[in-house]
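Below is one structure; the comments refer to it alone.
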Amino acid sequence: MAMTLSGVTVSSHLKKRKELLEAVLAFLGSLKIEFRYSALPLERIAEKYAKEENYRSLSFLSQCLSEIQDGADFPFAWKRAVENERLFSPSEKAKLSQLGSLLGTSDAQQQVNMLCIYEEYFRTYYENSSETYNKFSKPAIFTGIFMGLSLFVLFI
């Protein structure tokens with residue numbers, strides 16, 4: 001039973017990573033719109049998206065908002081929140097941390113251009129995650145089931 005459960009856990013982890021990266025892509029697209037059409041400060045943007053249902057899976061947004069409300073400045077709060085997200089790979093965390101240090105440092109058009117670059121990074125991460133999910137999700141479950149049945153047979 002434990003082996004079957006571990007296969008399901010691996011599959012679930014792969015699916016959550018895929019969905020997380022998909023949400024990051026959607027968030028970056030929303031940020032581009034914010035920079036093009038609103039003049040909201042970063043703290044208000046963080047508040048807006050931390051409370052939006054579509055971005056609930058991006059738990060680093062609510063943690064970032066919480067740290068800002070506790071007095072931290074945006075880049076520090078963003079970096080710390082991103083570092084605490086378990087599902088991101090080290091390179092994804094590095095890119096998101098880098099993005100947080102750059103947000104709000106230039107005019108709107110440059111921000112949009114920069115977000116386009118980061119969108120491409122995360123599109124690549126998403127595509128890789130999606131490929132990994134499609135390639136290994138079902139085999140992980142079946143491997144877990146097979147190993148669980150094998151152990152059951154051995155103990156009988």
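Reckoned from all heavy atoms, side chains included, excluding hydrogens, waters and symmetry mates. Numbers for residues simply follow the sequence, beginning at 1.
Taking the six-membered ring where tryptophan is involved, the planes of Tyr118 and Tyr121 are perpendicular, since the angle between them exceeds 60° and thus also 30°.
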Item to check | Check against side-chain contact (heavy atoms from CB on, under 4.5 Å), Asp73 and Trp78 | outcome: CA-CA 9 Å; Asp73 64 336; Trp78 176 274; over 6 Å; no
Next on the checklist: What verdict does the side-chain contact (heavy atoms from CB on, under 4.5 Å) test give for Lys32 and Cys116, after you've listed the backbone C-alpha separation in whole Å, the side-chain angles of each residue and the deciding distance to 0.1 Å?
Outcome noted: CA-CA 8 Å; Lys32 288 192 315 189; Cys116 287; 3.7 Å; yes
Checklist entry - What do the steps show when you test Lys15 against Glu19 for side-chain contact (heavy atoms from CB on, under 4.5 Å), and what is the final call? => result CA-CA 6 Å; Lys15 182 177 181 181; Glu19 291 170 349; 3.1 Å; yes
Next on the checklist: Working note: Arg56 + Glu53, criterion salt bridge (Lys or Arg N to Asp or Glu O under 4.0 Å); need CA distance, chi angles, decisive distance, verdict.
Outcome noted: CA-CA 5 Å; Arg56 289 274 178 219; Glu53 187 64 33; 3.5 Å; yes
Checklist entry - What's the verdict on side-chain contact (heavy atoms from CB on, under 4.5 Å) for Leu61 and Glu52, showing C-alpha distance, side-chain angles and the deciding distance? => result CA-CA 10 Å; Leu61 292 176; Glu52 194 166 313; over 6 Å; no
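A salt bridge links Glu47 with Lys51: at least one charged nitrogen is closer than 4.0 Å to a carboxylate oxygen. Residues Glu85 and Lys93 are not paired through a salt bridge, judged by the lack of any N-O separation under 4.0 Å between the basic side chain and the carboxylate. Between Arg80 and Glu83 there is no salt bridge, since none of the side-chain N atoms of the basic residue sits less than 4.0 Å from a carboxylate O of the acidic one.
Side-chain N/O atoms of Tyr55 and Ser30 include a donor and acceptor closer than 3.5 Å.
Phe122 has its side chain within reach of Glu92: a pair of non-hydrogen atoms, C-beta onward, lies under 4.5 Å apart. The shortest side-chain heavy-atom distance between Gln111 and Thr105 falls under the 4.5 Å cut-off. Contact check for Arg123 versus Glu119: side-chain heavy atoms found under the 4.5 Å cut-off. Inter-residue side-chain proximity for Leu25 and Glu22 is flagged as unmet; no heavy-atom pair is nearer than 4.5 Å. Taking 4.5 Å as the limit, every side-chain heavy atom of Phe60 sits out of range of all side-chain heavy atoms of Leu65. In this structure, Leu99 and Val82 have side chains that are not in contact, with every pair of non-hydrogen atoms separated by 4.5 Å or more. Residues Val24 and Phe88 meet the side-chain proximity criterion, which asks for heavy atoms closer than 4.5 Å. Side-chain contact between Gln69 and Glu43: absent, with no pair of heavy atoms (C-beta onward) separated by less than 4.5 Å.
Between Arg17 and Ser89, the shortest heavy-atom contact is NH1-N, 3.7 Å. Taking each heavy atom of Ala81 and Cys64 in turn, the nearest pair found is CB-N, 3.6 Å. Here the closest non-hydrogen pair linking Tyr125 and Leu21 is O-CD1, 3.6 Å. The heavy-atom pair separating Phe35 from Leu42 by the smallest distance is CZ-CD2, 3.9 Å. Minimum interatomic distance between Ser97 and Lys79 (heavy atoms only, all atoms of both residues): OG-CG, 3.8 Å.
In this structure, Phe74 is a member of the same hydrophobic cluster as Leu40, with clusters built from ILVMFWY side-chain heavy atoms closer than 4.5 Å. Tyr49 and Ile33 fall into different hydrophobic clusters, where Ile, Leu, Val, Met, Phe, Trp and Tyr are joined by side-chain heavy atoms under 4.5 Å apart, directly or via other members. Note on Leu115: it clusters hydrophobically with Ile117, by side-chain heavy-atom contacts below 4.5 Å among ILVMFWY residues.
A side-chain donor-acceptor contact under 3.5 Å links Asp107 to the backbone of Gln109.
Here CG of Leu58 is found 9.0 Å from OG of Ser62. Values are rounded to the nearest 0.5 Å. The distance from the OG atom of Ser59 to the CG atom of Asn84 is 8.5 Å, given to the nearest 0.5 Å. Rounding to the nearest 0.5 angstrom, the gap separating the OG1 atom in Thr124 from the NZ atom in Lys95 is 10.5 Å. If you take NZ on Lys18 and OG on Ser129, they are separated by 8.0 Å, rounding to the nearest 0.5 Å.
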